[in-house]
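Report on one structure; see the data block that follows.
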Amino acid sequence: MSILDFIIFLPLAAAIAIGFGLPARRTALAAAGLNLLLGFIALARFGNHDPASGPAFAASRTVSQNPEIAWAVGLDGMSLVLLLLTVLVTFAALWQAATPKDNVRLFYISLLLISAGSLGAFLTTDLFFLYAFHELALIPTFLLIGIFGKGDRRAAAWKITIYLAAGSLVLLAGLLLLVISLGQGGVLTFDLAALAQRAAAQPIGASSQSLIYLLLLIGFGTLVSLFPLHSWAAPAYASAPTPAVMLHAGVLKKFGLYGLLRLSPLLPAGAERWLSLLLILLLGNILFVGLVTLSQKRLDSMLAHSSVMHMGYIFLGIAAFQPGHTLGATGAVLLMFAHGLSIALLFALAGRLEDKLGTLDMTKLGGLGKITPRFAFLFGLAAFASIGLPGFANFTGEILVFLGGFQSHEPGAPLGGLQIATILAVWGVVISAVYMLRAYRAIFLGELTESNATASLTDLTLSQKLPAGLLAAGLLAIGIYPWFLQRFLQF
Amino acid sequence: MLLFYLFALIALLFGAGVVVNRNPVSSALCLVMSFVGLAALFIQLDAFLIGIVQILVYAGAVMVLFLFIIMLLDLRSETRRRINLLAWIGGAGVTAAFVLLLFTALKDFEGEHFPALRPDIAASLRAENLPPDASSTDSALLALSAGRLPDVHLTGETLFTRSALPLQIVGVLLLVATVGVVVLSKRRLT
Amino acid sequence: MPALNDYLLVSGLLFAIGLAGVILRRNIIIIFMSLELMLNGANLSLVAFSRYRLVNGLPDYNAQALVFFIITVAAAEVAVGLAIIVALYRARKTTHVEDINSMHY
Amino acid sequence: MPAHCLEACVIVLGLILLLLEAFLPKPRRRLIALTAIAGLGAVLVALFFVDRSPESSASLGAYYVVDPPALFFKGLALLATMLVLVMSLDYASVIRSYLQTDEAEPDAGLGEFFCLPLFTCAGLMWMASARDLVAIFVSLELVTISFYVLVAYMRRNIGSLEAGVKYLILGALSTGFFVYGVAWLYGLTGHTDLLRIAEALRPSETATVASSAGLVFALGLLLSGLGFKIAAVPFQIWVPDVYQGAPTPVTAYLSVASKAAGFIVTLRILEPFLQSPVARQAILVLLVLSAASILFGNLCAIPQTNVKRLLAYSSIAHAGFLLLAVASVRSNSGESGGITAGAAISFYLAAYLLMTLLVFLVVTLVRSRTGGEDLSAFDGLGKRSPFLAFALLVGMISLAGVPLTAGFLGKFYVFLLALEARYYTLIAIAALGAAAGFYYYFKILRSVYWERATDESPLSVPLLTRCAMTALIAAIFILGVYPQPVLSIFE
Amino acid sequence: MDPAWFLLLLPLLAAAVIILFTRKWKTLSSAISVGSAAAAFLISLSLLGSDDEKILHFRWMEIGDLRIDIGILLDGLSRSMLFTVTTVGLLIHIYSLGYMKNDEGKSRYFAGLSLFMFSMTGIVLAENFIMMFIFWELVGASSYILIGHWFTRNPPVEAAKKAFITNRIGDFGFLVGILLIWSLTGSLAFSGIEEGLPAAAAYPSALGVAVLCLFCGAVGKSAQLPLHVWLPDAMEGPTPVSALIHAATMVAAGVYMLARIGFLLAAAPSAVLIAWIGALTALFAAVVATQQDDIKRILAYSTLSQLGYMIMAAGLLATQAAMFHLFTHAFFKALLFLGAGAVIHACRHEQNIWKMGGLRKTMPLTFVTFAIGTAALAAVPYVTSGFFSKEYILDAAWSQENRALFWIAALVAFLTPFYMTRLLLVAFFGRPRSRPVEQAREVPLVMALPLLLLAVPSIAIAWFSGLLDWIQIPRPEHHTTHPMVLTVSILALLGGAGLAFLFYRERDSEPFRAGPIADKFYFDELYDGLVRHVQGGLASLSAFLDRSVIDGIAVKGIGRIAAGTGYLLRLIQVGNIQAYAFLFGMGVVLTIFLLLAL
């Protein structure tokens, strides 16, 4: 058993234990806390690991011989970063969770399952389980939004479930086609390393690559709310209970990007074939959804759209990822980490706000900074982080992504699609500044509105600050000293 | 040849009668006649046992059952409900299409003529497979050697040797049918 | 003597007549009779084939055994079927197919 | 012990129980069911120890072959029958209310309800071993006729009777076509043993079959008969009504055992055709049937509100997926490798058995406790009985094909096969169908978890049922991640 | 560890300590902040006097062969700029002690100041473009915090937002420029870029575009046309902030950046465009300043105008002149702002000069220092530092034969004394025109001291060439100044001041009002309209498309089609056995037909 097995199965075990009657909140928190600890132990021990010797803490157990499927885990730089993201956000989300009146067990079990699903997907080195574990989170999301959500929760839960299920079917087709195309000697394998080797030794034909990459792009793209496959995200995030949206927007959504980053080196011709399409779509995320975000009146809805918008940057990093040109990929991973923490933080704070005020309509809020300065401060940190202010991890990711866009550009050559897209994407930074500052100004600054003046709003207590502080600390740490994590990212 | 056409015509015409007749009793009687014609065709094809069974089981038992039920339920001819034109067109269309397809398929068997029986070949083969001391007492062998077709013997032999397993399964099937009929028809015991 | 095709044609027509009866008639008992017609049509084919496909100079008794089984099965089917029809009649006082469509779509 | 003793044991068990029922004074009906379950369990155990050499049953020729699929399907039949009997115990109260026999003896007629499935089971086991048209016909009819009785069993219930009549008429119709097809196939080849038929049909210089018209005619007729058993479009027409009207355990039995047996027979009968000159047409038609079934089943299930009817459509859809695997039989012996179609279909059917029976166990319990089979009867089940709700959840996600469940792996293998065979259109249709599947399976979960019950009293679950459900849930998950035990049977 | 690191990190540490720990103890917070500023000042002094070039590295990221450092580049340019920043910074920290004495958010204010000091030093010390961009943005953020210090009132909050977003627009260009330069020269570090320049010079147009993009950053930060709109609004912030950030240091960062990349400007054919933008800004702002009534706004426009000068100089490749003007301007403009702050403070936050008057008597010290600042700004010959630096710029324009630019600059040199004299006459002479002004009293020592300290360099600093050399400020050689330049500038000064004297002596209200000028040529209105209608319209349109087309037609449509097909298809299951039999038969026929047909 590898430490990674423990990390994956701990939330599962906790979920089962809660099902059998252990106290829900305490068990869940204990598991999350322990996982946080294990995550950092893994980080500490990973430091001595030589990347040339394959993934660290690898362990494997065959579950099917042909097609060759194994329960295999392993840690490399990219999964390490996402592991840290997951354990951090999980802990914060569970801590932050307000225990519901009914169905308490179901609530915590679902949250733990989302966490376990993400961990499994990020830590396994087998394509089958990579896919399978992500899907594990589908049901908890359905339950969490449908039972514990707010607003138009049913429609939202319904949409996200069906949409993501459909998207993952496309993804499945792509993955299977990939595996089949890389079949050798009558053996199909789902082992990522073996697939990479086979792809390197004998690349897939260009037309197959093209088809596979398109399927993967649509499949993963749906899961990551790539324009125009994004319309599930905003309603779901606006309706989901706070810890659920923290986990989903913060962690789970990164799965599609992670998968694309893992697999696109296997399909260089496919990636090249669809580069322009990807660029157009990601600009759709950044510019079009960015504009949509501008017109949102409710904070939760705005945050949800902004989360969709920011996916565009990560996609840009992936688009810039070519053999030998790894800035984009590195930036994408850092950005995943950063976006995960910042959006979780923002949603956590927004959730707290709604609990207290009963509304997130920005036209009805105002001047809260006077009553709750600590809250406003934390929210400001998160807002600035999310618009990519230097000093926060988001900036490190974004700047690398932008650099990545120009990495392959020959001096003096006319600007290619990638470069033009990068420049347009940089403009998105302005858009996000506009809506974020507008929201911050509408809620926290200016004159206190009457409805808020009467609300029983109190500032954060220490215990409430803890999860937010944890996330903010993560953002700042990587923002100030990115080398700490970036050194692990080898592509 | 003539007999064939006669019997075929009987089978088909009375078969059609089943479908066309409004009165269930007439239909049932038509069915009996059709089966009789069929049985005659079987016999013409040297399947004597089956011909007889056909008459015994179908014309005898099954039809009696049908008539019994018709009487029991006191069914009259179908009252003239509105004729469902669509159903008629559809039914006729499907049937016609089926017949057309049948004709296409029948081309495969064009020109296969009635082969003569060769009891002698069978007899010699049978003699080879039998233990020498049994050959004199085996009635089928004797009949075959005499150029006759011991139809009942051979059918029975097949049923109880090679097809023993299906036969047993059919036995179970009959048991199930019996139990089922009993259960389904059981009345309230008062 | 008639050719194989002639028998097959008769058998096929018998089968088709049965099919037509099943589709056209509304009385369940008559539908059931038509089903018997279809089975008998199939039987005729089998017997004809067994006579035309001689094995060692004799008709193929395997096929005849199958005919045997079909007749038996058909009889059992009739028994069970009529029992169901009687039960239905007791419950609904009808043997018309149009009256039994409480479940649809 | 030769394998054919197994059927004999089952028959003897059935006879003994029938005699007990008939002649013992006031027999305890429950005892009959429990004895039957125990007896079948013993046979199931014995299945693992029988002589598996083909010679052991050589005297029975093609009427009874012992090969891995046969043994596997015998096991499935036994398992399904046991679980159906468990279900029947829960359903007894409903049956009783529609028999209205004797007030002094309220259980009269129940004994037969528990005994008949034993004979059906024997028929199914014989079907699994039959490689001869005669044996196939008689065992098929044994199953069919016992189902006529079982479907119409509640003779005071209009629905049950109506279902019985519909099943009877259409079943007999399909038998007619099947028999006619058998006659033609026999006429073309002169054999009833499928191995011999295959030899006769194999394209060679000494081919005995001249033209393909007759062959195709025979194939079409046979497919019609088989299509009825496996509930494939356009022969699915009976399925919704019969599933809805029949007693719930019988519905479950129909949808699981009858379909499974239908598929093994289909595989055996199609084998000669797939090596014949008409293989291309056969596969194309299979694909058309598959596509039609997937689309029809999945789309029509969407508007359903009666759970049994919904499951009927779902059963059609699953038949479509299985047919897709059947159509991939020939082309998957290619060089890239992977799973064989036979193994894939068997696995799918095993998974289908587990999840369908689990769902029907819940439906049965809910029906006998609340008296309803509509979606609304499931409202608030999550509160009334978390265990039942969870069982239903597992069943539904497995049916929908959420990863880490057996149902997913079933679909996974089918997709793999179809992709290897390059049936891209079919894959697209299948993906569409699977996505629609999410829609209606989750519709049930929506009632269970999102809605409030009108009556919030908790539902009790009998111990035996609880054990059965737990075992099924465990099996679904174990097979979902560890398929190798089942797959090794076929290697 | 090199002391330069402490210089960079101490203010950050101070900000962090205040935010995390000492927010409740306001005095302690302010002390920490002032202490850090003082320490920074001392360290920057200690760095002076050596003219070796020193580069310090700290690995921030390293991907493949690209290494991005947080690095410190110590050379003449950065040392002198550092001196300017820390000196003015320290003085303004001290001044703030008085100005913000009773403010509720004093801790927050000082944390913001420290954060600003950190960011500004970061820009100055930056060794590469990424680091410069990081601090560039951080400066924007701290400016946001400080402008919006009084966040419970709407105008400062709006101004802060406007400042940040406008800067972001500039930063967009800056970042694109960085990317272009990186792809052209293969390096992000200034030294590396200089090395790669010869190769990049093969693509002059690309280089020109890249440099213009970089210049966009300066346009935003130094509030050049057309991104100047934020600076006047930024005057909503506390006055010391206006002095420090929006007059002396941050807005000069654009100029500093241009100076830093002077070698690039020299190689790029587009530099003259930069000069033109600077000149036009200078002229535009000077014109607008003549019609403003708010004392801080006048100064703000004057800052714009002076920044325009500097940019023009940089565009004319006279980066030394630009830096020298930056240096002198920092002192006298800070002085002017602090003086204005003193006035505002004394007049209970009255900012309209037409409501002031007669302050000469009540606030003599302030008056004197303010007058010194005015003189410096108006470039009184040979006395003030402003004269030398402005001469330097005018001379650069003249000597480069760019007469158009020269005459524009001369016109600005005429307008500057005009509006400053107007300000001085209206605010300090005549009689008080409102009650708070009558009751105005001289400011306390803690505020007066910085005024005095700043007045000294405003006059004297240009006299001490040795001092200038020590600070490593580039110094003009007087004798090279063209007589024509001298003549024109003296005439402009006399003309401007005289004209203002004529118009505004003893006036109680504006004698004539030029609408467009007073309304800043309607830039704000134009931008408001753009934001509201173009951006707002696009946003609404996108939202509409998102809802109706993408979600409505595509997503829901597919769902409806599927469900609808299901509804229709299931109608086949009519429930009638006859129909079922028919359909079954059809199925058989179709299957066989298909098999035959295929």
Side-chain angles (χ1 to χ4, degrees), chain B residues 1 4 8 11-12 15-16 18-19 24 27-28 31 34-35 38 41-42 45-47 50 53-54 57 61-62 65-66 69-70 73 75 78 87-88 91 94-95 98-99 102 106 109-110 112-115 117-119 121-122 125 154-155 158-159 162-163 166 170 173-174 177 180-181 184-185, chain C residues 1-10 12-14 16-21 23-27 29-30 32-34 36-37 40 43-44 47-48 50-52 54 56-59 61-62 64-65 67-69 71-80 82-87 89 95 98:
Chain B
M1 197 65 197
F4 167 76
L12 289 176
V18 175
V19 178
S27 287
L31 192 63
S34 175
F35 284 170
L38 209 58
L41 286 177
F42 288 165
L45 285 165
D46 296 324
I50 290 185
V53 168
Q54 171 84 0
V57 174
V62 172
L65 198 57
F66 266 113
I69 297 297
I70 294 169
L73 302 186
L75 296 179
E78 273 178 43
W88 272 94
V94 167
T95 313
F98 185 81
V99 173
L102 178 73
L106 276 180
F109 298 99
E110 257 168 24
E112 282 204 44
H113 293 294
F114 198 72
L117 290 176
R118 299 286 304 278
I121 302 178
L125 267 173
L154 291 173
T155 314
T158 314
L159 278 179
R162 265 201 65 195
S163 302
V170 168
L173 185 149
L174 287 173
V181 170
L184 286 172
S185 329
Chain C
M1 285 305 281
L4 176 57
N5 253 352
D6 299 331
Y7 282 105
L8 291 182
L9 182 61
V10 174
L13 287 177
L14 210 55
I17 290 170
L19 178 61
I23 297 176
L24 297 177
R25 295 308 299 258
R26 289 180 252 186
N27 189 323
I29 295 189
I30 296 180
F32 223 68
M33 292 180 193
S34 309
E36 294 306 312
L37 269 183
N40 277 287
N43 272 349
L44 180 56
V47 174
S50 89
R51 181 60 187 77
Y52 279 78
L54 293 183
N56 303 329
L58 293 181
Y61 281 99
N62 267 326
Q64 296 210 3
V67 175
F68 227 91
F69 293 141
I71 292 175
T72 321
V73 166
E77 216 170 64
V78 167
V80 172
L82 287 177
I84 293 174
I85 292 168
V86 170
Y89 188 80
T95 54
E98 280 147 351

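This is a predicted model, so every value here is computed, not measured. So that the names make sense, note that chain A is the first sequence line, chain B the second, and so on, each numbered from 1. No hydrogens, no waters, no symmetry mates; every other heavy atom, side chains included, goes into these values.
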Option that, when pairs with chain C are counted at under 4.5 Å, heavy atom only, ranks first among [options]:
{"options": "Thr155(B), Val18(B), Leu125(B), Leu102(B)", "answer": "Thr155(B)"}
{"options": "Ala122(B), Gly180(B), Ala11(B)", "answer": "Ala122(B)"}
{"options": "Leu41(B), Leu154(B), Asp46(B)", "answer": "Leu154(B)"}
{"options": "Val170(B), Leu184(B), Leu117(B)", "answer": "Leu117(B)"}
{"options": "Thr158(B), Val53(B), Ile70(B), Val94(B)", "answer": "Thr158(B)"}
{"options": "Leu106(B), Ile121(B), Val62(B)", "answer": "Leu106(B)"}

Check whether [X] gets within reach of chain B through its side chain, its backbone, both or neither, counting any heavy atom under 4.5 Å.
{"X": "Tyr52(C)", "value": "both"}
{"X": "Leu14(C)", "value": "both"}
{"X": "Leu13(C)", "value": "both"}
{"X": "Leu4(C)", "value": "both"}

Name the region of [X], side chain, backbone, both or neither, that has any atom closer than 4.5 Å to a heavy atom of chain C.
{"X": "Val99(B)", "value": "side chain"}
{"X": "Ala61(B)", "value": "neither"}
{"X": "Leu31(B)", "value": "side chain"}
{"X": "Leu73(B)", "value": "both"}
{"X": "Phe66(B)", "value": "both"}
{"X": "Ser34(B)", "value": "side chain"}

Are the side chains of Leu159(B) and Tyr61(C) in contact, using a 4.5 Å heavy-atom criterion? no
